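Quantities reported herein were computed from a predicted structural model and do not represent experimental measurements. Sequence positions, counted from 1, serve as the residue numbers for this chain.
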Amino acid sequence: MSSPVPPRPPHPRPFRRDRHGRGMRGPVAPPQVPLAVTRADAFDDLVRDSAHRLERHWPQLAGVDFAVQEVPRGDGGELDGAEVVPLGRVVPAHGNRPDCVVVYRRPVEIRTKTREERALLVHEVVVEQVAELLGLSPESVDPRYGQD
């Protein structure tokens, strides 16, 4: 003769998260705060902020694209024989593509230790490239250039 099977409990097992009486877990961060910002996203934000600062004083920059690349590519003669790795460059308008200021993320990150240093260097690179694009000196593009 077999033993009888115990009846099933009327309700499913309770959730164990509340075993210490503190209630259910809530969200780790509020919805408006990103949980994780990658280094690349943070760097993109620095370039975007720098571009917006300059666009307020130079309205003609509204038609210029600002981009980030990881490293300069060696194809196309950009690094041929160069001893110094560039931090940025200007890509002139071609066809229906507008002028573009490119900042290279990895070379900038290697030269800086803190976020503040990185923000200053990114701004300097953007100012230098915009100055080259406009045919002006960096000091005339941003009077605070080189003072930080």
Side-chain angles (χ1 to χ4, degrees), residues 9-148:
H11 301 288
R13 285 179 71 177
F15 234 38
R16 293 237 180 236
R17 283 220 170 137
D18 195 21
R19 67 179 169 200
H20 297 288
R22 291 183 281 222
M24 295 297 290
R25 290 184 181 178
V28 175
Q32 67 273 15
V33 176
L35 293 178
V37 177
T38 64
R39 287 188 325 196
D41 290 340
F43 193 88
D44 291 348
D45 290 342
L46 292 175
V47 172
R48 193 175 306 112
D49 292 344
S50 182
H52 287 310
R53 278 180 21 193
L54 292 177
E55 284 176 2
R56 281 185 250 146
H57 299 290
W58 300 94
Q60 61 266 43
L61 294 178
V64 175
D65 286 342
F66 291 86
V68 174
Q69 285 183 357
E70 289 295 308
V71 293
R73 291 190 307 255
D75 60 342
E78 194 172 326
L79 289 180
D80 293 341
E83 294 179 11
V84 177
V85 176
L87 301 178
R89 74 176 177 133
V90 174
V91 179
H94 180 69
N96 56 355
R97 290 191 328 199
D99 292 317
C100 183
V101 171
V102 179
V103 180
Y104 300 119
R105 183 173 75 86
R106 294 296 297 148
V108 170
E109 285 180 338
I110 288 170
R111 287 170 176 79
T112 57
K113 290 185 180 11
T114 65
R115 178 171 164 66
E116 291 78 26
E117 287 178 1
R118 194 169 300 122
L120 290 172
L121 185 56
V122 164
H123 186 67
E124 283 186 8
V125 171
V126 170
V127 167
E128 290 168 359
Q129 300 308 315
V130 166
E132 181 181 327
L133 179 68
L134 299 177
L136 301 170
S137 70
E139 293 81 12
S140 61
V141 171
D142 184 4
R144 296 182 303 176
Y145 173 79
Q147 294 178 1
D148 297 325

Novice: Exactly one of Glu70, Glu109, Arg89 should register a side-chain hydrogen bond (donor to acceptor under 3.5 Å, both in side chains) with Tyr104. Which one does?
Specialist: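 Result for side-chain hydrogen bond (donor to acceptor under 3.5 Å, both in side chains) with Tyr104: Arg89.
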Novice: Closest approach of Val122 and Ser50, non-hydrogen atoms and distance?
Specialist: O-OG, 4.4 Å
Novice: Distance from Thr114 atom OG1 to Leu120 atom CG, nearest 0.5 Å?
Specialist: 8.0 Å
Novice: Look up atom CG in Asp44 and atom CG in Asp49, then write down how far apart they are to the nearest 0.5 Å.
Specialist: 10.5 Å
Novice: Which pair of non-hydrogen atoms, one from Gln129 and one from Val90, has the smallest distance, and what is that distance?
Specialist: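 For Gln129 versus Val90, the nearest heavy atoms are O-CG2, 3.2 Å.
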Novice: Which distance, rounded to the nearest 0.5 Å, do you find between the CD1 of Ile110 and the CZ of Arg105?
Specialist: 10.0 Å
Novice: Could you pull out the closest heavy-atom pair between Pro107 and Leu87, with the gap in Å?
Specialist: CB-CD2, 3.7 Å
Novice: Quick check: do His123 and Leu54 have side-chain heavy atoms less than 4.5 Å from each other?
Specialist: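 They are in contact (side-chain heavy atoms under 4.5 Å apart), so the answer is yes.
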Novice: Please report the interatomic distance CG(Asp99) to CD(Gln60), rounded to the nearest 0.5 Å.
Specialist: 11.0 Å
Novice: Please name the pair of heavy atoms, one in Leu61 and one in Glu55, separated by the smallest distance, quoted to 0.1 Å.
Specialist: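 Shortest heavy-atom separation between Leu61 and Glu55 comes out as O-OE2, 3.5 Å.
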Novice: Ignoring hydrogens, what is the shortest heavy-atom contact between Trp58 and Val141? Give both atom names and the distance.
Specialist: NE1-O, 3.0 Å
Novice: Would you say that Arg106 contacts Arg39 through its side chain, given a criterion of any heavy-atom pair below 4.5 Å between the two side chains?
Specialist: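 Of all side-chain heavy-atom pairs linking Arg39 with Arg106, at least one is under 4.5 Å.
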Novice: How about Arg115: does its CZ atom have over 12 heavy atoms from other parts shown lying under 6.0 Å from it?
Specialist: no
Novice: Testing the basics here: between Lys113 and Glu117, what is the closest heavy-atom pair and its distance to 0.1 Å?
Specialist: N-OE1, 2.8 Å
